[in-house]
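Read through the structure below, which is laid out as structure tokens, and then see the notes.
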Amino acid sequence: MTQPELVQSLYQTMHLVRRFEEKLVELYPSDKIKSPIHLSIGQEAVAAAVCAPLNQDDIISNTYRCHATHIAKGGNLNAMMAELYGKATGCAGGKAGSMHLVEIESGILGASAVVGTTIPVAAGYALALKNEAKKTGEQRVVTAMFGDGSTEEGCFAETINFAVLHKLPILFVCENNEMAIHNPIERRQAISIQERVKPYGMPMGHVTSGDVFEMHDEVTRLTESVRAGNGPAFIEIETHRWLEHVGPNNDDDAPYRNPADLKKWKENDQVARLAEMLGTEKTAEINAHVEELVAESVTFAEQSAFPTKEELYTHVYA
Ligand SMILES: Cc1ncc(C[n+]2csc(CCOP(=O)(O)OP(=O)(O)O)c2C)c(N)n1
């Protein structure tokens, strides 16, 4: 991909995530969206950069804050919006909602509301892909997404130990927005995430600048290392959540926030930066296409039916 193509592709992904979520903010008071929503507005660059080097058949696992990576990995926008509406045409049949988006044909393994729990599941998938590659000779990779709060769960340490031990094809991505609900990282963690992961000896990266191109280069380097059979890698990408932890509102004045941080990150908005790089004409063309996609997803969701009562008893294991 040439540099101008990369700028265009990253912008289109980030802008689509932003506009999709801004549409949710607009729709939320109508109560048409039937689940809690954890928005990634302000964090779009991470999803765009992380998914750029992945192929369709590579796998990504998510947290409940999963809209951005679902879109960036190529999830079907109509099925995603329908899921948020609780409709039968949703990617999980309308029974899961925003926190559990899944679409295995796009390599989206799924997400969970329980912090940290998708990290070991992702490693299990990586083990299966390692075994598959012995037969096919082609190494697919798994990318495990999680927040800084997830690194405080025991299963995080257990999983990275297992992954290093078994040289699994997995990239661990810590999307560090420095907050777990209302608790800033400096009040929760005794030593840095980098210091905790370093002893495992994996290739590592740490992007603190918020620069989408730096994120892209680092993620690409580490994904290639994983694909080449060098075992797992780890990257921490610093970012900032602009809105409240869950829901469509801003909470700029909440006591847990540092207004100077919020201001700094808003001035470092990668969506605006890349729009400027692309120029008015190209941006307008992409934006018009994005508006069509978002509007189409709303129409699709609104015109779809709710699941039938019989559906209550399908996919139930106990
Ligand atoms: C096992 C578990 N413990 C606690 C919670 C409550 N909880 C929900 S979100 C959250 C914060 C997680 O923060 P982080 O992993 O940094 O992700 P972010 O919300 O910042 O994207 C917590 C503690 C939960 N859902 N699951």
Side-chain angles (χ1 to χ4, degrees), residues 14 17-18 20-21 24-25 35-51 60-73 84 96-101 108-123 143-160 171-197 206-208 210 215 234-252 254-258 261-262 265-266 270:
M14 292 193 297
V17 172
R18 170 90 41 107
F20 187 91
E21 290 205 326
L24 300 183
V25 169
S35 74
I37 48 170
H38 298 75
L39 300 181
S40 291
I41 292 178
Q43 304 188 190
E44 301 88 346
V46 180
V50 164
C51 292
I60 195 160
S61 73
N62 278 324
T63 73
Y64 48 83
R65 199 178 301 285
C66 60
H67 301 164
T69 34
H70 193 86
I71 292 170
K73 185 65 175 65
L84 300 181
S98 158
M99 296 194 280
H100 304 96
L101 299 179
I108 302 162
L109 185 57
S112 166
V114 188
V115 173
T117 46
T118 48
I119 307 173
V121 178
T143 297
M145 298 295 300
F146 48 88
D148 44 293
S150 291
T151 68
E152 292 151 31
E153 295 292 340
C155 66
F156 170 69
E158 292 164 16
T159 305
I160 56 176
L171 175 64
F172 296 102
V173 179
C174 177
E175 186 171 14
N176 182 2
N177 63 17
E178 302 189 315
M179 294 178 267
I181 310 187
H182 301 144
N183 215 347
I185 196 162
E186 62 273 12
R187 284 208 226 138
R188 307 178 342 245
Q189 300 190 2
I191 59 169
S192 75
I193 295 170
Q194 293 286 314
E195 283 171 289
R196 272 189 287 141
V197 175
H206 188 191
V207 181
T208 60
M215 294 179 199
F234 176 90
I235 187 165
E236 176 186 356
I237 304 177
E238 294 187 19
T239 183
H240 207 71
R241 161 167 62 75
W242 291 5
L243 301 183
E244 59 187 340
H245 165 69
V246 54
N249 304 305
N250 81 55
D251 62 352
D252 293 7
Y256 77 97
R257 279 205 181 267
N258 177 340
D261 274 354
L262 186 59
W265 281 96
K266 283 192 172 177
Q270 299 298 295

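One-based numbering, in listed order, for ligands and for the atoms of each. Atom set for the values below is all heavy atoms of this structure, side chains included, hydrogens, waters and symmetry mates excluded.
- By heavy-atom distance, the residue among G154, C155, G149 lying nearest atom 14 (P) of ligand 1 is G149.
- If you check which protein heavy atom lies closest to atom 25 (N) of ligand 1, you get A113 O, 2.9 Å.
- Less than 4.0 angstrom separates some heavy atom of M179 from each of these atoms of ligand 1: 16 (O), 20 (O).
- The shortest N or O to N or O distance between R241 and ligand 1 is not below 3.5 Å.
- Taking 4.5 Å as the limit, some side-chain heavy atom of V50 sits within range of a side-chain heavy atom of I60.
- Per-residue contacts place H245 under 4.0 angstrom from the following atoms of ligand 1 (heavy atoms of the residue considered): 9 (S), 19 (O).
- Distances below 4.0 Å separate heavy atoms of G147 from the following atoms of ligand 1: 14 (P), 15 (O), 16 (O), 17 (O).
- Interface of V114 with ligand 1, defined as ligand atoms under 4.0 Å from a residue heavy atom, comprises 1 (C), 26 (N).
- Under the salt bridge (Lys or Arg N to Asp or Glu O under 4.0 Å) test applied with D148, the options R241, R188, R187, R65 reduce to a single match, R188.
- Relative orientation of the W265 and H240 rings is parallel, given thresholds of 30° and 60° on the angle between their planes.
- Note on ring orientation: taking the six-membered ring where Trp is involved, the planes of H182 and Y256 are tilted (angle from 30° to 60°).
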(request) Evaluate side chain to side chain contact (heavy atoms under 4.5 Å, CB included) for T159 paired with F172, printing each intermediate quantity in order. (result) CA-CA 10 Å; T159 305; F172 296 102; 4.0 Å; yes
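- Residues I185 and I193 have side chains in contact (heavy-atom distance under 4.5 Å, counting atoms from C-beta outward).
- Heavy-atom distances between Y64 and ligand 1 reach below 4.0 Å in at least one pair.
- Distances shorter than 4.0 angstrom do not occur between any heavy atom of T63 and any atom of ligand 1.
- Ranking the protein heavy atoms by distance from atom 23 (C) of ligand 1 puts I181 CD1, 4.1 Å first.
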(message) Quick one, Q189 with R196, criterion side-chain hydrogen bond (donor to acceptor under 3.5 Å, both in side chains). Give me CA distance, side-chain angles, the key distance, then yes/no.
(response) CA-CA 10 Å; Q189 300 190 2; R196 272 189 287 141; 2.8 Å; yes
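- Between E44 and Q270, the side chains place no donor N or O within less than 3.5 Å of an acceptor N or O (distance only, hydrogens not considered).
- In N177, the part holding a heavy atom less than 4.0 Å from any atom of ligand 1 is the side chain.
- Using a 4.0 angstrom heavy-atom cutoff, E153 counts as in contact with ligand 1.
- Scanning all protein heavy atoms for the shortest distance to atom 4 (C) of ligand 1 gives V115 CG2, 4.4 Å.
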(request) Given side-chain hydrogen bond (donor to acceptor under 3.5 Å, both in side chains), test H38 with S98 step by step and report yes or no. (result) CA-CA 8 Å; H38 298 75; S98 158; 5.1 Å; no
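- Residue A180 places no N or O, backbone or side chain, under 3.5 Å from any N or O of ligand 1.
- Atoms of ligand 1 lying under 4.0 Å from at least one heavy atom of S150, given by number and element, are 15 (O).
- Where the criterion is an N or O separation shorter than 3.5 Å, residue side chain and backbone included, R65 meets it with respect to ligand 1.
- Applying the side chain to side chain contact (heavy atoms under 4.5 Å, CB included) test between H245 and each of D251, I181, N183 identifies I181 as the sole match.
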